[in-house]
Amino acid sequence: MQDAPPTTDVVRSRYWLGESFVVETAPVGEVLDVGVLLLPPLGYEDTSAYRPLRGLATALARAGCVVLRLDWPGLGDAAGSVRDDDLHPRRLAAVHSATAELRRRGVHTVAALGVRAGGLLAIDAGGLDAVALWGTPPTGKAWLREERTFHKLAARAFAAPPVDAAPLPDGALEAGGFYHPPGVVRAMEGLVGTARLGAPLDHLRVHGRDGSPPAPEWVAAAEAAGVQVQVSTTTGLTDVLEDPYRSRLADAVRDELTAWFTARAAGRVSLLAASGRPALVLPAGATERVWSAPGGAGELVGVVCEPAGGAAPGATWTVFYNAGGVRRSGPNRLWTETARALAAAGHPSLRLDVRSVGDSAGVDVPHHDLEEMYSEDSVEDALVAWEAVRGLGAGSVDVVGLCSGAFLGAQVAARRDVRRAVLFNGLAFVWNDEARAHGMTSQIGRSLFDARRWKRLLTGRIDARALARAMVDKARLRLDDARARLRGEPPPDDVARLFRQIRTRGTEVCLVSSAGDPSVEYLAAHVPEDQRPSLTILPGVDHTIRPVWAHERVSRLILAGARSPHAR
Amino acid sequence: MRVEQVRQIVLQHGRLGVAADQVTPTSDLYAAGLSSLTTVNLMLALEDAFNVEFPDRLLSRKTFESVQSITEAIDELAGSET
């Protein structure tokens, strides 16, 4: 599905409502009198589902609905920390606020799509007229079991936490790099969704999880509660949840949901203005606000986080780049949490989505390869963010990125004044024939965070399709190289040269790699030891900085850099 | 045979990156592309199909690493085929 072109048929606005961060998508003019809340799953699944739900919001808006996409408190750009023990009632309050807001603005019917745990939260909150559940188990207990299983299956790669790492509190649950505090676990343990159906809910739609039919408990409970129920066996949930880089919404699911939601409408209304706030006030007076700027593919979106009283003139700003397909809140929400810690210490920042990621314009189709993420177009987007913070008064700029974000950070540091570049698990700092021929283009998107696959690719197994593509693309790469030379920029074809260039500009480069990550091998293969920037190894941590005990260490590294007196 | 039933469920729900005829009872399913998320799907599908519930002690990569290891787990939970 193509993303909304820059026309006037659909309007997006972004604000904070209660504790939630909300992206509103609506048609121009009158809307159907059914408003839709898109309630994402929690944790890793939320990371993957973000872009597909953006596509669904666009489709629903084009069909006439006003749509509010929510970030749950403790996730994304919403208020709160994922470690806050009282997140469950705050998440229910987020549903209440959004429901009340749509009714206040003139919508007669408020409907919601709840994906996985998002469906349980929708049902637990109540107050909705119609709910579509997608892959939502009938109880919180069943959901917790699936989360535990997911983590146990992924955890093999993780070493035991170091002795000085703070253990998780009793009753907390870690899953996929995210953390569910004991209060959330307790609330979900006791949540029986099927016992919560009732007025004003009058329509329920149930989509199963791929591989399992919709839980019959939902149907039985709906019928017993006098709620009209529809069941869909259309698959596609795994496509939405498995991988943030390749996640996609199946056309059939999009069309079914659009038809079901629009069927709830009885007429059209003019919407009153939204009452959301343009900024979020954080503890100790720091603030966040949405930033946007025109980019080559349309609107670029990010979030500015400033200390209380605003950024001091001449301050050092940190720019966080999205990691692969993971939006600006960063892997495991690390960028949001670290940006807020930076603001509390007096340091402003901007976290950016490059094109086709998060909320920035681009395409909603799955990425078939990494070409776009490692393209000059993405570097241009990254440079727009650098220019933006300079325009906001930055005296100097630090950049932070992981994976493709590390590539962007390095490329920006080679072309603009950057005080410090903190680059995590960079698997390619230069996008050239070699990177392409190693199969990154065709393979990485299939399992962006699968370090074993990267290792195989980087140690010599060359994918035939990627190699063929490399042959085709070689001419274009040379052309890009020539264009870069014409612009007076370093041709992006040599890693060692790139780092020499960065060093010449006076940038302090801090490379950070997870032990065993292919980024270590890549660096050793490309940069002579005596020219290599400082490299910190994180033992027992995977490519996306899991498990959660490692998060504090990463935040500390970034914070220490922001405080360092290094002068260019 | 149960092993063939399990194999069919793996092929249907595992989203493997290899052709069906390359999936033998002893093939390494993770090397063939099985992910943590699809393993959860697979587990639920197996539970539905065989009317069993995997206990915590069996929720590991070792259990799901091959059609053979899955079948052994199902045999243990549901009783061996006669």
Side-chain angles (χ1 to χ4, degrees), chain A residues 41 43-45 47-49 116 135 137 141-158 175-177 208-216 235-244 246-247 442-443 445-450 452-453 455-456 461 463 465 542 544 546, chain B residues 4-20 22-23 27-74 76-78:
Chain A
Y44 176 81
E45 294 176 340
T47 301
S48 298
R116 303 273 298 130
K141 198 169 181 176
W143 174 77
L144 286 166
R145 177 174 182 250
E146 292 169 18
E147 286 285 279
R148 282 196 189 95
T149 304
F150 176 57
H151 182 67
K152 283 181 77 172
L153 293 166
R156 192 188 68 157
F158 310 144
R209 181 175 176 140
D210 298 354
S212 310
T235 58
L237 184 63
T238 308
D239 284 337
V240 168
L241 301 182
E242 189 166 21
D243 177 343
R246 292 176 63 85
S247 56
S442 66
Q443 297 288 348
R446 286 170 54 184
S447 54
L448 187 61
F449 298 136
D450 183 341
R452 287 181 309 158
R453 190 185 297 273
K455 196 163 187 172
R456 288 201 299 274
R461 183 193 291 182
D463 178 88
R465 197 173 51 176
D542 83 352
T544 53
R546 299 181 293 189
Chain B
E4 183 54 26
Q5 270 181 285
V6 169
R7 183 173 167 277
Q8 289 304 321
I9 293 171
V10 166
L11 291 173
Q12 190 180 349
H13 301 291
R15 295 166 65 99
L16 304 180
V18 299
Q22 290 179 38
V23 179
S27 299
D28 181 339
L29 297 179
Y30 288 102
L34 188 67
S35 70
S36 303
L37 190 81
T38 48
T39 306
V40 180
N41 290 348
L42 177 59
M43 175 193 78
L44 295 171
L46 290 161
E47 289 184 339
D48 278 348
F50 295 102
N51 195 27
V52 295
E53 183 170 315
F54 286 90
D56 271 4
R57 68 182 166 80
L58 288 179
L59 296 179
S60 68
R61 289 175 77 99
K62 193 169 167 47
T63 300
F64 295 96
E65 69 187 0
S66 70
V67 169
Q68 184 67 44
S69 60
I70 295 169
T71 306
E72 285 166 8
I74 300 281
E76 180 191 330
L77 296 171

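In the text below, chain A, chain B and the rest are named by the order of the sequence lines, each starting its count at 1.
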- Sub-4.5 Å side-chain heavy-atom contact between His13(B) and Thr235(A):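 Result no, sub-4.5 Å side-chain heavy-atom pair not found.
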- Task: Answer whether the closest heavy-atom distance between the side chains of Glu242(A) and Ser35(B) falls below 4.5 Å.
- Result: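 Sidechains of Ser35(B) and Glu242(A): in contact.
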- Query: With a 4.5 angstrom heavy-atom cut-off, which part of Phe54(B) approaches chain A: side chain, backbone, both or neither?
  - Reply: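 Both backbone and side chain of Phe54(B) come within 4.5 Å of chain A.
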- Message: Using heavy-atom distances under 4.5 Å, tell me whether Asp48(B) contacts chain A through its side chain, its backbone, both, or neither.
- Response: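 Just the side chain, heavy atoms under 4.5 Å.
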For the [atom1] atom of [X] and the [atom2] atom of [Y], what is their distance to the nearest 0.5 Å?
X	Y	atom1	atom2	value
Thr38(B)	Leu241(A)	OG1	CG	11.5 Å
Asp210(A)	Leu42(B)	CG	CG	12.5 Å
Leu37(B)	Tyr44(A)	CG	OH	7.5 Å

Which pair of heavy atoms, one from [X] and one from [Y], lies closest together, and at what distance?
X	Y	value
Met43(B)	Thr149(A)	SD-CG2, 3.9 Å
Lys152(A)	Leu59(B)	CE-O, 3.1 Å
Glu146(A)	Leu44(B)	OE2-CD1, 3.6 Å

- Message: If the condition is ring-ring contact (aromatic ring centres under 6.0 Å, His included), which residues does Phe50(B) pass it with, not counting sequence neighbours?
- Response: none
- Non-neighbouring partners of Glu147(A) that pass salt bridge (charged side-chain N to carboxylate O under 4.0 Å, His left out), sequence neighbours left out: none
- Message: Looking at Arg145(A) and Glu47(B), is there a salt bridge between them, counting it only when a charged N and a carboxylate O are closer than 4.0 Å?
- Response: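 Counted as a salt bridge, because a side-chain N and a carboxylate O are separated by less than 4.0 Å.
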